[in-house]
Amino acid sequence: MFGTAGGAADDLISGAEYHVLRPSGPGGCTAVVRETSFLMSGAGEAYAVEHTGLALSEAGSWAVDDGYRPVAAGTYELDWGRDGGDLEINGTSTDPIVSGGSGDIDCGW
């Protein structure tokens with residue numbers, strides 16, 4: 001119970017936003033992103049969500065400057081292939097990606 005309450009408190013403090021990226025991949029695999037920002041920094045995590053609705057592990061993460069939210073701004077690319085998805089997160093010249101920025105979206109087909 002504390003884990004759920006702690007996660008909810010973190011979502012409120014960091015202003016977390018969740019995004020379901022479209023289109024879905026083969027077998028109903030879906031990329032879901034959580035973006036947060038606090039003061040002058042921001043971060044994001046991507047998850048591969050199976051047709052069951054469960055995300056078993058993080059597929060990628062990134063940190064950005066100035067609290068920029070690249071997925072909300074549409075500065076990302078998601079390409080699906082036979083083996084899963086490739087997520088590339090892009091910053092801007094004034095709000096660069098500081099670390100990370102890509103993820104393999106794999107539901108383990």
Side-chain angles (χ1 to χ4, degrees):
M1 179 156 147
F2 178 73
T4 303
D10 180 52
D11 277 2
L12 288 172
I13 291 168
S14 64
E17 293 178 357
Y18 291 83
H19 305 278
V20 177
L21 306 185
R22 298 289 182 221
S24 294
C29 188
T30 303
V32 176
V33 168
R34 177 182 184 263
E35 287 188 301
T36 59
S37 65
F38 185 73
L39 299 176
M40 297 302 288
S41 66
E45 301 94 31
Y47 299 90
V49 178
E50 300 178 18
H51 66 280
T52 61
L54 297 175
L56 300 179
S57 65
E58 185 179 289
S61 64
W62 56 93
V64 294
D65 194 22
D66 293 336
Y68 182 64
R69 296 178 188 234
V71 173
T75 56
Y76 70 92
E77 293 180 35
L78 175 60
D79 296 312
W80 291 100
R82 292 183 53 179
D83 296 328
D86 180 39
L87 178 63
E88 293 293 327
I89 304 298
N90 303 301
T92 67
S93 60
T94 57
D95 296 311
I97 302 297
V98 177
S99 67
S102 64
D104 293 320
I105 310 300
D106 182 6
C107 287
W109 305 298

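The structure displayed is predicted, hence computed values, not measured ones.
Side-chain atoms of Trp80 come within 3.5 Å of backbone atoms of Pro23 as a donor-acceptor pair (strictly under, hydrogens ignored). Using a distance-only test at 3.5 Å, with no hydrogens or angles considered, a donor-acceptor pair links the side chain of Thr30 to the main chain of Gly28.
Every side chain to side chain contact (heavy atoms under 4.5 Å, CB included) that Ser102 has, sequence neighbours left out, goes to Glu88. Qualifying salt bridge (Lys or Arg N to Asp or Glu O under 4.0 Å) partners for Glu17, counting only residues two or more places apart in sequence or in other chains: Arg69. Here Thr94 pairs with Thr92 under the side chain to side chain donor-acceptor pair (under 3.5 Å) rule; sequence neighbours left out.
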For residues 70-77, please give each side-chain donor-acceptor pair under 3.5 Å, one per line with the distance, not counting sequence neighbours.
| unit_1 | atom_1 | unit_2 | atom_2 | d |
| --- | --- | --- | --- | --- |
| Thr75 | OG1 | Tyr68 | OH | 2.9 |
| Thr75 | OG1 | Pro70 | O | 3.2 |
| Thr75 | OG1 | Asn90 | O | 2.8 |

Validation: residues 41-57 side-chain donor-acceptor distances under 3.5 Å, sequence neighbours left out:
| unit_1 | atom_1 | unit_2 | atom_2 | d |
| --- | --- | --- | --- | --- |
| Ser41 | OG | Phe38 | O | 3.4 |
| Glu45 | OE1 | Arg34 | NH1 | 3.4 |
| Thr52 | OG1 | Leu54 | N | 3.4 |

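Interatomic distance, Ile89 CD1 to Trp62 CH2, rounded to the nearest 0.5 Å: 4.0 Å.
Ile105 and Leu21 fall within the same hydrophobic cluster, where Ile, Leu, Val, Met, Phe, Trp and Tyr residues are linked whenever their side-chain heavy atoms come under 4.5 Å apart, directly or through other members.
Sorted by first then second residue, the salt bridge (Lys or Arg N to Asp or Glu O under 4.0 Å) pairs that include residues 94-104, not counting sequence neighbours, number zero.
Of all the heavy atoms in Glu58 and Ser61, the pair that sits closest is OE2-CB, 3.3 Å.
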